**Q** 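Let me begin by handing over the structure; questions about it come next.
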Amino acid sequence: MELGLLYSGGKDSTLAALLLEEFYDVTLVTAHFGISDDWKHAHETAETVGFPFDRLECDPDVAHEAVDLIREDGFPRNGIQLVHEHALERLAAREFDAIADGTRRDDRVPTVSRAQAQSLEDRHDIDYIAPLSGFGRSAVDRLVETRLDVTAGPSEEIDRADYEAELRALIAAEEAPEAIAEYFPDHDQTSVTNVR
């Protein structure tokens, strides 16, 4: 069965791919808006970890709407959630038997409720799978330590292809690079460099 996994090149989505590969033909799919070429980081990581890769072109208007939400709220949660839901819809419309993401049990954003998952499945006749939804951050970190080599650091220093990277680029282009700090709290990101 063919499965499309939303992929950033980070530890969570890479671990999700490793957990699913025994049961599915996994393609790593990076959503992007054409704002930056950050998707190339995920492509390089997909090659490193040995999975097929594809890009998922998303509607740039959704990125602008997400940035507007981030500005209104003063923080990124609702904007990132909007983008994730849009990416899942786009991915579900592709020719896959199942779709997945790397969301964990204790993620604050993005999240997928049971009702959202069932709606995706019913409307697109696919399975939605969140293989890390039963794992907390500590459990994920322990699993990652056994299989993956990871680079971690502040968001602005780590090459990655998550939604945040393009939303940050859009804010920097529309306002100024300094404006990013007004909306995004300091936090670390990861990039996978190898599978052991």
Side-chain angles (χ1 to χ4, degrees), residues 1-60 62-63 80-105 107 109-135 139-140 143-144 146-150 159-166 190-196:
M1 290 186 290
E2 298 288 333
L3 179 139
L5 171 68
L6 286 177
Y7 189 67
S8 68
K11 67 179 183 176
D12 295 341
S13 54
T14 302
L15 180 59
L18 295 174
L19 292 172
L20 291 167
E21 74 175 327
E22 185 173 335
F23 303 100
Y24 295 93
D25 294 323
V26 177
T27 299
L28 305 179
V29 182
T30 296
H32 74 102
F33 295 99
I35 294 165
S36 70
D37 61 359
D38 288 318
W39 63 268
K40 291 179 181 178
H41 302 301
H43 186 210
E44 290 169 11
T45 305
E47 288 179 343
T48 298
V49 299
F51 285 92
F53 176 83
D54 198 4
R55 290 186 301 165
L56 180 69
E57 293 184 19
C58 292
D59 184 346
V62 173
I80 290 174
Q81 184 67 32
L82 174 72
V83 170
H84 190 66
E85 291 172 10
H86 175 67
L88 284 172
E89 287 290 337
R90 287 279 171 110
L91 187 59
R94 291 267 188 103
E95 303 266 335
F96 290 112
D97 302 302
I99 62 170
D101 59 27
T103 55
R104 298 181 317 243
R105 178 185 70 216
D107 280 342
V109 66
T111 60
V112 178
S113 71
R114 179 180 290 191
Q116 289 170 316
Q118 288 174 328
S119 176
L120 270 173
E121 291 178 334
D122 292 345
R123 288 181 293 106
H124 296 282
D125 193 29
I126 51 96
D127 294 324
Y128 165 74
I129 302 166
L132 302 183
S133 65
F135 293 90
V140 167
L143 292 173
V144 165
T146 67
R147 293 289 310 275
L148 302 175
D149 293 331
V150 175
D159 291 335
R160 70 206 188 285
D162 63 2
Y163 311 133
E164 184 180 323
E166 282 194 301
T190 62
S191 177
V192 173
T193 57
N194 193 32
V195 174
R196 291 184 240 133

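Just so you know, these numbers come straight off a predicted model, no measurement behind them.
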**Q** May I ask you to decide if E2's main-chain N or O and D97's side chain share a donor-acceptor pair within less than 3.5 Å?
**A** yes
**Q** With L5, which of T14, L91, L28 fulfils side chain to side chain contact (heavy atoms under 4.5 Å, CB included)?
**A** L28
**Q** Flag the pair M1 / Y24 as yes when at least one side-chain heavy-atom distance between them is below 4.5 Å, and no otherwise.
**A** yes
**Q** Should we count CZ of R114 as having more than 12 external heavy atoms under 6.0 Å?
**A** no
**Q** Are R160 and D38 close enough that some pair of their side-chain heavy atoms sits under 4.5 Å apart?
**A** no
**Q** Rounded to the nearest 0.5 Å, how far does CD of E95 lie from OG1 of T27?
**A** 12.5 Å
**Q** Which heavy atom of Q116 sits nearest to which heavy atom of T111, and what is that distance?
**A** OE1-O, 3.9 Å
**Q** Between H32 (side chain only) and R55 (backbone N and O only), is there a donor and an acceptor less than 3.5 Å apart?
**A** no
**Q** To the nearest 0.5 Å, tell me how far Y128 OH sits from D122 CG.
**A** 15.0 Å
**Q** Could you go through the side-chain contact (heavy atoms from CB on, under 4.5 Å) check for V49 and Y7 one step at a time?
**A** CA-CA 12 Å; V49 299; Y7 189 67; 4.1 Å; yes
**Q** T48 side chain to E44 main-chain N or O, any donor-acceptor pair under 3.5 Å?
**A** yes
**Q** Are the side chain of R105 and the backbone of S133 linked by a donor-acceptor contact shorter than 3.5 Å?
**A** no
**Q** Find out whether Y163 and H86 are in side-chain contact, i.e. whether some heavy atom of one side chain is under 4.5 Å from a heavy atom of the other.
**A** no
**Q** When rounded to the nearest 0.5 angstrom, what distance separates CG in L88 from CD1 in I99?
**A** 5.0 Å
**Q** May I ask you to decide if A42's main-chain N or O and T30's side chain share a donor-acceptor pair within less than 3.5 Å?
**A** no
**Q** Using 0.5 Å steps for rounding, measure from the CG atom of D37 to the NE2 atom of H43.
**A** 13.0 Å
**Q** In Å and rounded to the nearest 0.5 Å, what is the CG to CG distance from D12 to L143?
**A** 10.5 Å
**Q** Distance check, rounded to the nearest 0.5 Å: L19 atom CG versus F135 atom CZ?
**A** 6.0 Å
**Q** Does any non-hydrogen side-chain atom of D59 lie less than 4.5 Å from one of R90?
**A** yes
**Q** Closest approach of S191 and T45, non-hydrogen atoms and distance?
**A** OG-OG1, 4.4 Å
